[in-house]
Amino acid sequence: MSAILNKITVTPSGAALGADIEGLDLNIPLDQHTRSEIMDAWHSHLVLRFRGQHLTDESFVKFGRGFGELDLPYSSIAGKPRRPGLPEMTVISNIVENGKPLGGLGNFEAAWHTDMSFRESPPTASLLYAIEIPPSGGDTWFSNMYLAYETLPESLKKRVEGKMCKHDHTYNSSGRLREGMTENQDPRTSPGAIHPIVRTHPVTRKKALYLGRRLNGYILGMELSESDALLDELWAHLSRKELTWTQKWSVGDLLVWDNQCTVHYRESFDNNTRRLLRRLQVKGTKPY
Ligand code: OGA
Ligand code: MN
């Protein structure tokens, strides 16, 4: 007996990346055909959005597993598991209850970054599912790192060819000290992973610019001032508006992005309003 096939619609955002997938209630398990359609759309559009979902935590985790083995949380506020039975699920929120933050990132601006690239094997994908969203602020911007590489002026392409970059572990994307770290403003000596600036996506085989976050980044083998100047140029290039798409959140939105070929930025928002999202992360492999 053949399974009932879901019928999905893929609507590209019209910007440099991002697409909406319509026609699915993600509480219902996906058939193989639909799953592979979703993976194809994901590899083409880099960020997928599923709107109007009413997911149980279990459905969210099951859907996330479709993208690969899930990561166990990194130990920080954001990394505290939300439910004992679902250790992979964490929370992004500014809400404080009984003196305890419900999740990570607060209401702060999170500078352009890719998730956890200070690890040797950073996550392949991250998923966010919106439960409460403030009336304004807190938009999340994404930039297409394939396009960032392709549109790099030839002179810059030459300068980054074969170069490796230190992805600092000391500070998070709000510029705050990570748990267990000590202040260190010298990126040449700070702890972190070293990755190629131009990486090859393991599935699409396309080349992408790969940078973690500007703060405390360092290009190996350069004078610090030379590295700083080149990193400034690269970050200015990759955050140009024409390479980006902006997610304006609604309750029930589920987003999944590819950390191997995108970076993202989150706006701050009024801390008197509430923002609450559930989060998953998919295990990745060493960039090459
Ligand atoms: C993240 C992140 C952005 C947001 O969860 O990795 O950067 O919109 N979140 O909260
Ligand atoms: Mn992030």
Side-chain angles (χ1 to χ4, degrees), residues 17-18 46-51 60-61 64 67 70-82 88-96 101-119 122-145 167-169 171-176 178-179 192-193 210-215 217 235 238-239 244-271 273-284:
L17 71 169
L46 322 189
V47 186
L48 296 183
R49 179 171 65 182
F50 303 78
R51 305 209 96 162
F60 181 40
V61 169
F67 290 85
L70 296 177
D71 247 346
L72 281 176
Y74 167 75
S75 70
S76 70
I77 294 166
K80 299 275 186 292
R82 188 180 163 271
E88 307 101 332
M89 197 175 68
T90 59
V91 172
I92 296 292
S93 188
N94 66 316
I95 304 169
V96 178
L102 288 193
L105 276 188
N107 72 316
F108 313 114
E109 175 180 63
W112 284 104
H113 68 280
T114 182
D115 290 332
M116 298 195 187
S117 60
F118 53 84
R119 285 181 171 174
T124 307
S126 305
L127 295 93
L128 278 182
Y129 173 54
I131 309 288
E132 289 186 66
I133 289 301
S136 64
D139 293 353
T140 310
W141 296 55
F142 290 87
S143 184
N144 180 334
M145 293 299 96
H167 294 233
D168 173 55
H169 193 159
Y171 301 102
N172 71 11
S173 45
S174 312
R176 285 164 176 76
R178 286 184 200 281
E179 213 170 83
Y210 189 60
L211 293 170
R213 26 179 79 55
R214 174 62 191 91
L215 186 63
W235 281 102
L238 70 81
S239 55
T244 68
W245 166 73
T246 308
Q247 157 69 344
K248 293 181 182 298
W249 292 92
S250 295
V251 170
D253 283 0
L254 189 164
L255 234 64
V256 51
W257 65 85
D258 189 335
N259 274 309
Q260 302 161 115
C261 51
T262 65
V263 290
H264 53 281
Y265 157 78
R266 188 193 76 180
E267 297 171 357
S268 62
F269 57 97
D270 181 356
N271 213 18
T273 62
R274 292 165 63 98
R275 191 174 187 273
L276 176 70
L277 303 99
R278 299 198 176 136
R279 187 179 191 285
L280 298 171
Q281 200 171 275
V282 179
K283 270 191 190 162

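Predicted model, so just to flag it, every value in this text is computed and none were measured. All values below come from the heavy atoms of this structure, side chains included, with hydrogens, waters and symmetry mates left out. Remember, it's 1-based here, ligands and their atoms both numbered in the order they're listed.
Of the protein's heavy atoms, L105 CD1, 3.6 Å lies nearest to atom 9 (N) of ligand 1. The protein atom (non-hydrogen) at minimum distance from atom 4 (C) of ligand 1 is R266 CD, 3.3 Å. The protein heavy-atom contact nearest to atom 8 (O) of ligand 1 is T140 OG1, 2.6 Å. Distance from atom 5 (O) of ligand 1 to its nearest protein heavy atom, with residue and atom name: R279 NE, 2.7 Å.
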Could you walk me through whether L238 and L211 pass the side chain to side chain contact (heavy atoms under 4.5 Å, CB included) test, one step at a time?
CA-CA 10 Å; L238 70 81; L211 293 170; 3.8 Å; yes
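Ligand 1 is approached by R275 to a heavy-atom distance shorter than 4.0 Å.
Within the 6.0 Å centre-distance limit, the rings of H264 and F142 are counted as a close aromatic pair. Aromatic pair H167/Y210: ring centres closer than 6.0 Å.
For H113, every heavy-atom contact with ligand 1 shorter than 4.0 Å involves the side chain, none the backbone.
Within ligand 1, the atoms closer than 4.0 Å to a non-hydrogen atom of D115 are 6 (O), numbered from 1 in the order shown. Listed by atom number, the atoms of ligand 1 under 4.0 Å from I92 heavy atoms are 5 (O), 10 (O).
The backbone N or O of R275 sits less than 3.5 Å from a side-chain atom of S93, completing a donor-acceptor pair.
With the Mn ion (ligand 2) as the vertex, atom NE2 of H113 and atom NE2 of H264 span an angle of 90° (nearest 10 degrees).
A salt bridge does not link D115 to R213: none of the charged side-chain nitrogens sits closer than 4.0 Å to a carboxylate oxygen. The pair D253-K248 does not count as a salt bridge, with every side-chain nitrogen at least 4.0 angstrom from each carboxylate oxygen.
When distances from the Mn ion (ligand 2) to the N, O or S atoms of D115 are compared, OD1 comes out shortest.
Relative to the six-membered ring of F108, R176 meets both conditions, a distance below 6.0 Å and an angle of at most 45° to the axis.
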